[in-house]
Protein chains: 2
Amino acid sequence: MMLTNSRKFQVVGEYEQAEPLLEDFPDVTPDVVLMDIGLPGISGIEAASRLKREYPYVQIIMLTVYDDDEKVFQAICAGASGYVSKNVNAEKLVEAVEDAFNGGTPISPHIASKVLQMFKDNLPTKNVSYSLTKRELKVLEHLVQGDDYKTIADKLFLSNYTVRAHTRNIYDKLHVHSKSQAVAKALKENLLPA
Amino acid sequence: MMLTNSRKFQVVGEYEQAEPLLEDFPDVTPDVVLMDIGLPGISGIEAASRLKREYPYVQIIMLTVYDDDEKVFQAICAGASGYVSKNVNAEKLVEAVEDAFNGGTPISPHIASKVLQMFKDNLPTKNVSYSLTKRELKVLEHLVQGDDYKTIADKLFLSNYTVRAHTRNIYDKLHVHSKSQAVAKALKENLLPA
DNA sequence: TTAAAAATAGAACATTCGGGCTATTTGTAG
DNA sequence: CTACAAATAGCCCGAATGTTCTATTTTTAA
């Protein structure tokens with residue numbers, strides 16, 4: 001109702017479930033889809049994912065009462081173009097549809113907080129400095145690639161004794177005692193320059 | 001001007017540069033700060049970062065004409081609570097300030113697109129299935145922790161021969177030939193359940 | 001210009017690892 | 001019930017690794 005009253009666009013279909021929508025879609029071809037996250041049958045997220053896969057141009061706005069991280073996360077991955085709280089007024093909803101149509105991503109401030117928080121959480125951890133030298137970093141890079149000493153030596157034009165010496169120093173600085181530990185630490189703590 | 005006309009809040013200060021703001025801040029103590037990203041002297045991002053560090057409660061909205069990933073990224077890291085395009089109308093701006101004050105994160109749809117795109121780019125690569133068995137996954141977990149065969153055997157109450165059998169199977173499935181390679185692949189491709 | 005840090009190279013030795021095998025027991029899907 | 005996959009366990013051997021050393025040359029910082 002909120003949308004039907006708007007003159008800016010036309011409501012071409014309404015569905016209680018995802019299945020019939022997916023079936024009819026090729027015929028109705030809307031520009032923007034408003035999708036409830038919690039649908040009976042196929043979930044809104046799954047439906048969004050399928051829609052996007054088959055009709056990449058369609059803009060999908062997720063309507064949601066949930067704000068738990070997992071749902072938001074999944075919705076993002078599904079390729080939705082907007083995340084709007086269910087209890088918005090008509091005006092906001094109309095705006096959101098317009099924004100989505102114009103290639104923007106309308107997000108309710110409350111949900112945006114979630115997204116940013118997740119984003120920060122996913123950020124590579126701050127490069128705790130173990131003060132590895134340039135050479136040591138270089139060797140570490142190769143260790144992460146799974147090269148053995150001899151291979152590294154060849155690639156860096158070094159004696160394999162030297163490579164072993166560097167590795168030893170790396171182990172000391174990282175407080176580890178094996179290649180796998182060093183690799184794990186390097187990757188988990190993002191010690192290598194991107 | 002856009003804001004001064006609003007009755008919903010009070011403009012307690014205006015600054016052309018960040019330095020005097022930082023200096024005055026303890027006296028004016030605003031709830032919400034609107035910050036231009038491209039300031040002369042200390043950049044808006046740096047200023048936001050400092051403000052947040054010293055006064056974590058303050059809500060900062062970045063006003064920006066830039067939409068390049070790097071700027072948006074930095075702003076997020078600086079802890080800003082909103083990212084609004086400079087060319088918004090008064091109404092939107094007032095809303096943004098309210099949202100921020102209420103703990104939300106107002107983001108212009110255009111900028112939100114950027115954020116989500118970055119988010120997706122940072123996502124762990126899709127879990128390509130190497131069809132590792134439960135046991136193999138368990139062993140892989142320990143390999144990532146840097147345990148040697150004997151240690152893993154002890155922890156899982158297995159013969160170290162069994163652990164080696166599992167690692168061989170893991171190597172086959174991941175197409176690798178060493179612990180470090182396996183660890184690298186496991187971490188890079190997120191093969192382990194979080 | 002001198003002292004310290006980094007990079008290089010080497011040796012010896014015990015331990016671990018990787019790969020090629022075989023084989024039994026336990027689940028599990030038809 | 002019965003194949004078949006998974007999990008378990010074992011052996012051998014050569015190659016790679018981890019550790020403990022020493023030592024020379026090159027860079028860098030003071």
Side-chain angles (χ1 to χ4, degrees), chain A residues 125-194, chain B residues 125-194:
Chain A
T125 59
K126 51 198 163 295
N127 187 331
V128 184
S129 180
Y130 294 95
S131 50
L132 295 177
T133 67
K134 286 178 199 170
R135 216 52 176 157
E136 285 160 2
L137 273 176
K138 199 77 197 157
V139 170
L140 184 54
E141 268 179 51
H142 287 279
L143 289 179
V144 167
Q145 279 161 38
D147 294 340
D148 62 17
Y149 295 146
K150 182 155 168 21
T151 308
I152 298 175
D154 288 349
K155 287 184 179 173
L156 298 182
F157 306 105
L158 292 173
S159 146
N160 72 322
Y161 291 110
T162 306
V163 176
R164 286 157 67 80
H166 285 309
T167 320
R168 184 93 279 295
N169 292 332
I170 292 171
Y171 288 180
D172 283 347
K173 289 182 179 177
L174 301 190
H175 305 296
V176 298
H177 305 279
S178 73
K179 287 211 291 187
S180 47
Q181 285 178 331
V183 168
K185 198 150 192 168
L187 289 175
K188 283 178 183 168
E189 302 188 18
N190 235 96
L191 300 181
L192 298 175
Chain B
T125 59
K126 52 192 161 294
N127 186 330
V128 184
S129 177
Y130 294 96
S131 51
L132 295 178
T133 67
K134 288 177 197 171
R135 214 54 175 156
E136 285 160 3
L137 273 175
K138 198 75 198 158
V139 170
L140 184 54
E141 268 179 52
H142 287 278
L143 289 177
V144 167
Q145 280 161 39
D147 294 339
D148 62 18
Y149 295 146
K150 175 137 179 31
T151 307
I152 298 176
D154 287 349
K155 287 185 180 174
L156 298 183
F157 306 106
L158 291 172
S159 147
N160 71 325
Y161 291 112
T162 305
V163 175
R164 300 198 47 216
H166 286 309
T167 45
R168 274 199 284 271
N169 292 331
I170 292 171
Y171 288 0
D172 283 347
K173 291 181 179 176
L174 300 191
H175 306 296
V176 299
H177 306 279
S178 74
K179 288 212 291 186
S180 47
Q181 286 177 331
V183 168
K185 198 151 192 169
L187 288 176
K188 283 180 184 170
E189 304 189 17
N190 235 99
L191 300 182
L192 298 177

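What you see is a predicted model, and the numbers here were worked out from it, not measured in a lab. A, B, ... follow the sequence lines: proteins, then strands. Residue 1 opens every chain.
A cation-pi arrangement is found for K179(A) relative to Y149(A), the charged atom lying closer than 6.0 Å to the ring centre and inside a 45° cone about the ring normal.
Residues passing the side-chain hydrogen bond (donor to acceptor under 3.5 Å, both in side chains) test with D147(B), sequence neighbours excluded: H142(B), K155(B). Applying the side-chain hydrogen bond (donor to acceptor under 3.5 Å, both in side chains) test to S159(B) and every residue at least two apart in sequence or in another chain returns nothing.
Looking at H166(B) and T162(B), their side chains come closer than 4.5 Å, going by heavy atoms from C-beta outward. A 4.5 Å side-chain heavy-atom check between L158(B) and I152(B) finds every atom pair outside the cut-off. Contact of the L174(B) side chain with the L191(B) side chain is registered, since non-hydrogen atoms from C-beta on lie closer than 4.5 Å. Proximity of V163(A) to L156(A): side-chain heavy atoms (C-beta onward) are nowhere separated by under 4.5 Å. Side-chain atoms of Y171(B) and R168(B), non-hydrogen and from C-beta on, never get closer than 4.5 Å to each other. The shortest side-chain heavy-atom distance between K185(A) and Y130(A) falls under the 4.5 Å cut-off. Looking only at side-chain heavy atoms (C-beta outward), K173(A) and I170(A) stay at 4.5 Å or farther from each other.
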Under 3.5 Å, which N/O atoms of the protein pair with N/O atoms of nucleotides 26-30 of chain D?
none

Identify each atom pair where a protein N or O and an N or O of nucleotides 15-18 of chain C are less than 3.5 Å apart, giving names and distance.
residue: dC17(C); atom: OP1; partner: K179(B); partner atom: NZ; Å: 2.6
residue: dC17(C); atom: OP2; partner: Y149(B); partner atom: N; Å: 3.4
residue: dG18(C); atom: OP1; partner: Y171(B); partner atom: OH; Å: 3.1
residue: dG18(C); atom: OP1; partner: K179(B); partner atom: N; Å: 2.7
residue: dG18(C); atom: OP2; partner: Y149(B); partner atom: OH; Å: 2.2
residue: dG18(C); atom: OP2; partner: Y171(B); partner atom: OH; Å: 2.8
residue: dG18(C); atom: O3'; partner: H177(B); partner atom: O; Å: 3.4
residue: dG18(C); atom: N7; partner: R164(B); partner atom: NH2; Å: 2.4
residue: dG18(C); atom: O6; partner: R164(B); partner atom: NH2; Å: 3.2

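The nucleotide whose nearest atom lies closest to any side-chain atom of H166(B) is, among dG10(D), dT8(C), dA7(D), dA7(D). Listed nucleotides: dA6(D), dT8(D), dA7(C). Nearest to the side chain of T133(A): dA7(C). The nucleotide whose nearest atom lies closest to any side-chain atom of R135(B) is, among dT8(D), dA9(C), dA7(C), dT8(D). Side-chain atoms of Y161(B) lie closest to dA9(D) of the nucleotides dT8(C), dA7(D), dA9(D).
In this structure, the helix from dT1(C)-dA30(D) to dG30(C)-dC1(D) shows an angle of 70° between the axis at its start and the axis at its end, each fitted on 5 base pairs and rounded to 10°.
Atom CD in E136(A) sits roughly 10 Å away from atom P in dT8(C) (whole-Å rounding). With rounding to whole Å, K173(A) atom NZ is found 11 Å from dA7(C) atom C1'. Separating the CG atom of D172(B) from the P atom of dC21(C) is a distance of 12 Å, rounded to the nearest angstrom. Taking atom CD1 of residue I152(B) and atom C1' of nucleotide dA9(D), one finds them 16 Å apart after rounding to whole Å. Between I170(B) atom CD1 and dG19(C) atom P the separation is 13 Å, expressed in whole Å. In this structure, CG of N160(A) is placed 12 Å from C1' of dA11(C), rounded to the nearest angstrom. Rounded to an integer number of Å, the gap from CG of N169(A) to C1' of dT20(D) is 13 Å.
With a 6.0 Å radius and a threshold of 12 heavy atoms from other residues, nucleotides or ligands, K138(A) has its NZ atom at or below the threshold.
Residue contacts for S159(B): at a heavy-atom cut-off of 4.0 Å it reaches the sugar-phosphate backbone alone, with no base atom in range.
Across residues 137-145 of chain B, not one residue has a non-hydrogen atom less than 4.0 Å from an atom of DNA chain D.
Side-chain polar atoms of T151(B) and D148(B) form a donor-acceptor pair below 3.5 angstrom.
Taken to the nearest 0.5 Å, the CG atom of L187(A) stands 7.0 Å off from the CG atom of L192(A).
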